[in-house]
Number of protein chains: 2
Amino acid sequence: MTLSPRQEEIVDAAIKLIAEKSIQALTIKNLSNQVGFTEGAIYRHFSSKLDILLHILLKFQSNARQMLEDTCSNDLPAMDQIEHIFMHNIMSFVENPAIAAVIFSESIFQNEDRLSREVFKLLEMHESTLSCIIEKGQERNELIEGVQKEEIIRMIIGSIRYTVTKWRLGGYQFNLQKEGKSLIDAIRHLISKQ
Amino acid sequence: MTLSPRQEEIVDAAIKLIAEKSIQALTIKNLSNQVGFTEGAIYRHFSSKLDILLHILLKFQSNARQMLEDTCSNDLPAMDQIEHIFMHNIMSFVENPAIAAVIFSESIFQNEDRLSREVFKLLEMHESTLSCIIEKGQERNELIEGVQKEEIIRMIIGSIRYTVTKWRLGGYQFNLQKEGKSLIDAIRHLISKQ
DNA sequence: CTCGTATGTAAGTATTTATTTACTAATCCA
DNA sequence: TGGATTAGTAAATAAATACTTACATACGAG
């Protein structure tokens, strides 16, 4: 399960390639150029291209898992925890646009069952953490109760994704961090009590 | 600009192909099988595959434009207009999953400037209509004012898109119409006055 | 030292895909 | 009628792409 240094190197090169060009640019040829070896060398370290994509997703998963656990372990007000997760995601997109490029490429993965399942899992991780936080927040009377947590989750994750998608479609023109902050402020205003 | 009957036929076949398989399945070979002609015949009617994709987007655009104009022309309360647009979109995804497949394939279009611009335009059409509705709603004291309309729009469009994406990733397992209704009810609850 | 394993290269292969070409049959109009 | 236009076919082409194979070299353990 854990990767050798060279495997890490290849996965990182793949991520860089996706970030700078697009997921379409992730070909074995391009990847081998990026790493500085020939195509055959890639196959010494991964059995297939799918395997590489899979490890990219696993890497993002383990980052996300770490962040989500850290967030849950402290005992801030619910809304602060949500903001923390929200802004952490925004920042990780800003610092590493490949994450967005990969995660938002479900359409490409759709025929690859294994990949779309891993993307799904990543979403589920976020959802279940948010679910737990919102539930507590409602019990503690910090968050409004008239709206089911499932719908709040949809709005939070959906609005991030949409904002990031437009940021990407528009060629990274606007300041994502700033827009993310306005958005989470609006969400706070809507779902906090009073 | 307007298409011949045979061109319509080809575009519709392309949409069907995307809906039933995926956007990856839209190859000239598959398309010609679907239509019942050979590959060469396709090129009698369209200059390139890109041209076909473009006309798919234009078709969706004109449908959406029609719907948005219809909505604006009546004088319902803002929230009812929003719900109308919202549910119209949901229903069009239910009836024609290709629309979702195409619109959510920005990642594939990203290197095709022309295509991503048209997807962008489709989003802008929805945004500007919603913007107008929300503005009036806030003036008329129907909608809350503490939150900027840009953020509300992000939440509305984002939450639809996210719900539809999960519906697709999960293989159309849940009832999108029902979930859409719960979601718009929640939104209504959050952004209506009182 | 040397043998085997790990890791690289160069040059394939097989397949897919968009597009083109040369040809044909039908249909329309002068 | 007859010549051009339209719309189809079959087959070729060119490029891209994931992956394989045969060979080379370095290096660590016995």
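These figures come from a predicted structure and were not determined experimentally. Chain A is the first sequence line, chain B the second, and so forth, proteins listed ahead of strands; every chain is numbered from 1.
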Whole-Å distance, B:Ile42 CD1 to D:dA10 P, equals 14 Å

Rounded distance (Å) that lies between atom P of D:dA16 and atom CG of A:Leu31 = 18 Å

Partner of B:His84 by side chain to side chain donor-acceptor pair (under 3.5 Å), out of B:Thr71, B:Asn89, B:Asp70 | B:Thr71

Just call it for A:Phe37: base, sugar-phosphate, or nothing, with non-hydrogen atoms closer than 4.0 Å on any strand.
-> sugar-phosphate

Does the side chain of B:Lys49 get closer than 4.0 angstrom to OP1 or OP2 of C:dA18 through an N or O atom?
-> yes

For A:Val35 and A:Glu9 the tightest heavy-atom approach is CG1-OE2, 4.0 Å

Assign A:Thr27 to base, sugar-phosphate, or nothing according to its heavy-atom contacts below 4.0 angstrom with the strands shown.
-> sugar-phosphate

Return the value, rounded to whole Å, for the distance between atom NZ of B:Lys29 and atom P of D:dA16.
-> 21 Å

How long is the line joining OH of B:Tyr43 and C1' of C:dT17, in whole Å?
-> 8 Å

Of the candidate nucleotides D:dT9, C:dT7, C:dA18, which contains the atom at the shortest distance from the side chain of A:Arg44?
-> C:dT7

Quickly work out the B:His45 NE2 to C:dT19 P distance and round it to whole Å.
-> 16 Å

Can you tell me if A:Asp75 and A:Gln81 form a side-chain donor-acceptor pair at under 3.5 Å?
-> no

State the CG-NZ distance between A:Leu26 and A:Lys21, to the nearest 0.5 angstrom.
-> 11.5 Å

